[in-house]
Amino acid sequence: MAASLKNLFSILPHFPTTLSFSLSLSLSLSPPRTHFFVGSVLLLLLPLFFCLLPASFADTSSDAAAETLVSHLLSTSATASCASRGASLSAVEETEKRSPRDGGADEVGDVNSCDIFDGNWVMDDSEPVYRPGSCPYIDDAFNCFKNGRPDSDFLRFRWKPYQCQIPRFDGRKMLKMLRGKRLVFVGDSLNRNMWESLVCALRESLVDKNRVFEVSGKREFRTQGFYSFRFLDYKCSIDFIRSPFLVQETMSRTLRETLRLDVIQDSSSKYRDADLIVFNTGHWWTHQKTFKGQNYFQEGNHVYEKLEVTDAYSKALKTWAQWVDANIDSNRTRVFFRGFSASHFRGGQWNSGGNCDGETQPITEETQLAPYPWMMRTLESVIAEMKTPVLYLNITKMTDYRKDGHPSIFRQPEASRGDGIMVQQDCSHWCLPGVPDSWNELLYAILQISGYGSRSNNPWISGLFQ
C-alpha cells in the first residue's frame, strides 16, 4: 500500500562524473606509478577530507562516524546502480547527547528495505517535543489544552516503524540542517497543522525564545494567505502558504465560483525558489460543492456541467505536477508531498453532526482501519510520471489509527461552547501538541539520514538529495 523509502523518489540523480574521471586518470598510469600516485593523493587529501566532513560527525563516536561515513560514500558510488530501483538509505547510529524526550540513543536499522510509514503507535513516557500551552503560535482551534481538554494520554504515543527505528526529533539539529534555508508548507489547513507543529518544535529547542519572530502575521494571512516565521540565529524561515486545491479558485463577474483545473494557484510565485517545499491537498476535495462537481470545475473557458471529483482531482494534480517539472530546480529545491490525513467522524460529517469526542485511545487493530483513500492512489500514479524527484510522506495509515487525537469539542474554549448547544466538532484536524509532531519527526529523520544540510561545500558526500 505504501512505498518503502527506497521507492519514494520518482527519479534519482545521475552518478557523478568525478569517479569515472579519477578512474581513467589512475588507469592511464603504469601499475607501480599508479600505486604511488593514488597513495600520494590520498595522503595529501586526507586532512582536507576530514575538514570537509559534516559537523555532525564531530559529536559522534568513532564507530558511528565510520559507519555514517561509509554509508554516505556508498550512497555516492552506488547512485547509478540505484537509479532504477529507488533511493538507498544506509544504517545510521545516533550517539549524540539526547534531550529529555530522547531518553537514550535510537539505532536506525536498515532503512534500505524499511517503510517508515508502516508501523504502529507505541506508548512512550518521554516528554512531547514542546509542552502543552508552551507555544504561543498555535491556533486556538488546535490548542486543545487551552480549550480545556482534560485527558493527556493522546500525547504519550510515538510512531514506530515495524522494520526499523528512526531518530527522535532534535530541534537544534534540524535548525542546523535548515541554516540559511527556506522551508515552505503549501496546502490546506492540515498542512497548517503540520507547519505550526514544526514552528513550535523548533522554537522549543531555542535557549532564547525571542530569537524567532513573525515575518508576516495574521493580517497578511487574511489578505494574502501567507504566514512566515524566521529563526534569527539560523537565518532560516518556516512558511505556510494557503492553497487548499493547489490549483486556482476563481470568481466570475456573475459571482459564480469555479475551480480552474488547468491553472496553478497564483501564490506559486511565492515559493518556487524555496529550498524545501511540503505540498498537500485532499480534504477540500471531499466538501459538498467539490464532491458533487456540478458547474464548478473549469478548463480554459469551459465549465463542466458535471465532472466526477475523481477526474477533477487527477486533472488538478497533473497541472500541479507539470508546474513543478517546469518551474522547480531540483538541484536546489527538495519537493515533498504529504499524503491524506484521516478523519474520524461518527454519525455524520463535519457539517452534519459528526462527532469524535470521548475518544482517548488509538485504534489498535489494522483491520479496523478505513480503506486506502482513492486520492492517494491517484497521487501515487501522478508522482510516478514526474521528472522531478518527489518524496511522498504517506501518513494516511499512521493517522487512521489516531481517532483520539482530534480537537473534537475542544476546538473552541468551554465558554464559547455553551450549555445544551450542539457544537460542530472537529474530527479532521489535530490537537497540538499531538499527531502532526510525528509527521515532522519523520520529515526530520528523512533529512537527517540523507545528510541534508551537512555538505554544502563537501563534494565527498551526496546523501539522497542531489
Side-chain angles (χ1 to χ4, degrees), residues 2-6 8-9 56 87 89 92 94 99 101-102 106 108 111 114-119 121 128-130 158-161 164-179 181-188 190-205 229 231 234 236-241 271 274-280 282 333-341 379 383 389-399 402 430 432-454 463-465:
S4 67
L5 261 183
K6 67 177 182 178
L8 287 173
F9 286 99
S56 61
L89 295 179
V92 178
E94 274 298 297
S99 65
R101 171 178 166 79
D102 292 334
D106 276 347
V108 180
V111 198
C114 172
D115 177 2
I116 62 174
F117 304 105
D118 184 30
W121 293 90
V129 289
Y130 51 97
R158 184 183 184 229
W159 180 252
K160 185 182 183 305
C164 58
Q165 291 181 326
I166 55 174
R168 290 182 183 268
F169 183 89
D170 188 310
R172 290 186 184 179
K173 286 183 183 178
M174 188 158 190
L175 282 169
K176 289 178 181 178
M177 287 189 284
L178 296 176
R179 188 185 298 277
K181 308 290 186 184
R182 182 175 176 229
L183 168 57
V184 182
F185 292 86
V186 180
D188 59 25
L190 272 300
N191 243 17
R192 182 169 178 170
N193 228 177
M194 185 179 182
W195 166 73
E196 289 184 12
S197 162
L198 183 60
V199 169
C200 290
L202 295 176
R203 175 185 179 273
E204 184 67 18
S205 70
F229 283 93
F231 290 78
Y234 297 89
C236 70
S237 66
I238 314 295
D239 303 345
F240 172 72
I241 295 177
Y271 57 79
D275 298 284
L276 300 103
I277 310 174
V278 181
F279 291 99
N280 97 294
T333 302
R334 317 309 177 203
V335 179
F336 297 80
F337 201 109
R338 183 186 57 73
F340 190 79
S341 171
L379 171 64
I383 289 178
V390 174
L391 204 150
Y392 176 32
L393 300 174
N394 191 353
I395 51 88
T396 299
K397 180 180 177 181
M398 67 185 293
T399 57
R402 296 306 306 273
W430 304 93
L432 292 179
V435 171
D437 301 330
S438 292
W439 308 348
N440 285 314
E441 186 167 65
L442 293 176
L443 175 63
Y444 164 76
I446 292 167
L447 292 176
Q448 187 196 43
I449 294 168
S450 69
Y452 182 79
S454 63
L464 280 178
F465 297 112

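A quick note: this is a predicted structure, and the numbers were derived from the prediction, not measured.
Less than 6.0 angstrom separates the ring centroid of Tyr271 from the ring centroid of Phe279. Annotation: Phe185 is not in aromatic contact with Phe240 [ring centroid separation under 6.0 Å not met].
Considering every non-hydrogen atom in both Asp188 and Gly282, the closest pair reads OD2-N, 3.8 Å. Heavy-atom minimum distance, Glu441 versus Pro167: CG-O, 3.9 Å.
Of the candidates Leu443, Val435, Asp437, Trp439 forms a side-chain contact (heavy atoms from CB on, under 4.5 Å) with just one, namely Val435. When the options Leu175, Asn440, Val129 are evaluated for a side-chain contact (heavy atoms from CB on, under 4.5 Å) with Leu202, the one that passes is Leu175.
In this structure, the separation between SG on Cys200 and CG on Leu432 is 7.0 Å, given to the nearest 0.5 Å. Rounding to the nearest 0.5 angstrom, the gap separating the NZ atom in Lys173 from the CZ atom in Arg168 is 12.5 Å. Rounding to the nearest 0.5 angstrom, the gap separating the CE atom in Met194 from the CZ atom in Phe336 is 8.5 Å. A distance of 6.5 Å separates CG of Asn280 from CG of Leu190, quoted to the nearest 0.5 Å. Atoms CZ and CD, from Arg172 and Glu204 in turn, are 10.5 Å apart once rounded to the nearest 0.5 Å. Once rounded to the nearest 0.5 Å, the distance linking OG of Ser450 with CZ of Arg334 reads 8.5 Å.
In this pair, Phe229 and Trp195 present their aromatic rings tilted. The plane angle is within the 30 to 60° band.
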Starting from the C-alpha separation in whole Å, work towards a yes-or-no answer on side chain to side chain contact (heavy atoms under 4.5 Å, CB included) for Val335 and Leu276. CA-CA 6 Å; Val335 179; Leu276 300 103; over 6 Å; no
Ile166 vs Ile446, test: side chain to side chain contact (heavy atoms under 4.5 Å, CB included). Steps then yes/no. CA-CA 9 Å; Ile166 55 174; Ile446 292 167; over 6 Å; no
Is there a side-chain hydrogen bond (donor to acceptor under 3.5 Å, both in side chains) between Tyr444 and Gln448? Walk through the geometry before answering. CA-CA 6 Å; Tyr444 164 76; Gln448 187 196 43; 3.2 Å; yes
Working note: Leu183 + Val278, criterion side chain to side chain contact (heavy atoms under 4.5 Å, CB included); need CA distance, chi angles, decisive distance, verdict. CA-CA 8 Å; Leu183 168 57; Val278 181; 4.1 Å; yes
For Lys176 and Tyr234, run side chain to side chain contact (heavy atoms under 4.5 Å, CB included): C-alpha distance rounded to whole Å, both residues' side-chain angles, the deciding distance at 0.1 Å, then the answer. CA-CA 7 Å; Lys176 289 178 181 178; Tyr234 297 89; 4.1 Å; yes
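Looking only at side-chain heavy atoms (C-beta outward), Phe169 and Met174 come within less than 4.5 Å of each other. By the 4.5 Å heavy-atom criterion applied to side chains, Ser438 and Met398 are counted as neighbours.
The main-chain N or O of Arg338 is never found under 3.5 Å from a side-chain atom of Asn394 such that the two would form a donor-acceptor pair. Remark: the backbone N or O of Phe340 is paired with a side-chain donor or acceptor of Thr396 at under 3.5 angstrom. Judged by distance alone, the side chain of Ser197 and the main-chain N or O of Asn193 form no donor-acceptor pair under 3.5 Å. Looking only at distances, a side-chain donor or acceptor of Trp159 sits under 3.5 Å from a matching main-chain atom of Ile116.
Applying the side chain to side chain contact (heavy atoms under 4.5 Å, CB included) criterion to Ser237, with sequence neighbours excluded, gives Arg182, Ser228, Arg230, Asp239. Checked against ring pair (Phe, Tyr, Trp, His ring centres under 6.0 Å), Phe337 has the following partners two or more places apart in sequence or in another chain: Trp320.
With Trp121 as the aromatic partner, Arg402 meets the cation-pi criteria of under 6.0 angstrom to the ring centre and within 45 degrees of the ring axis.
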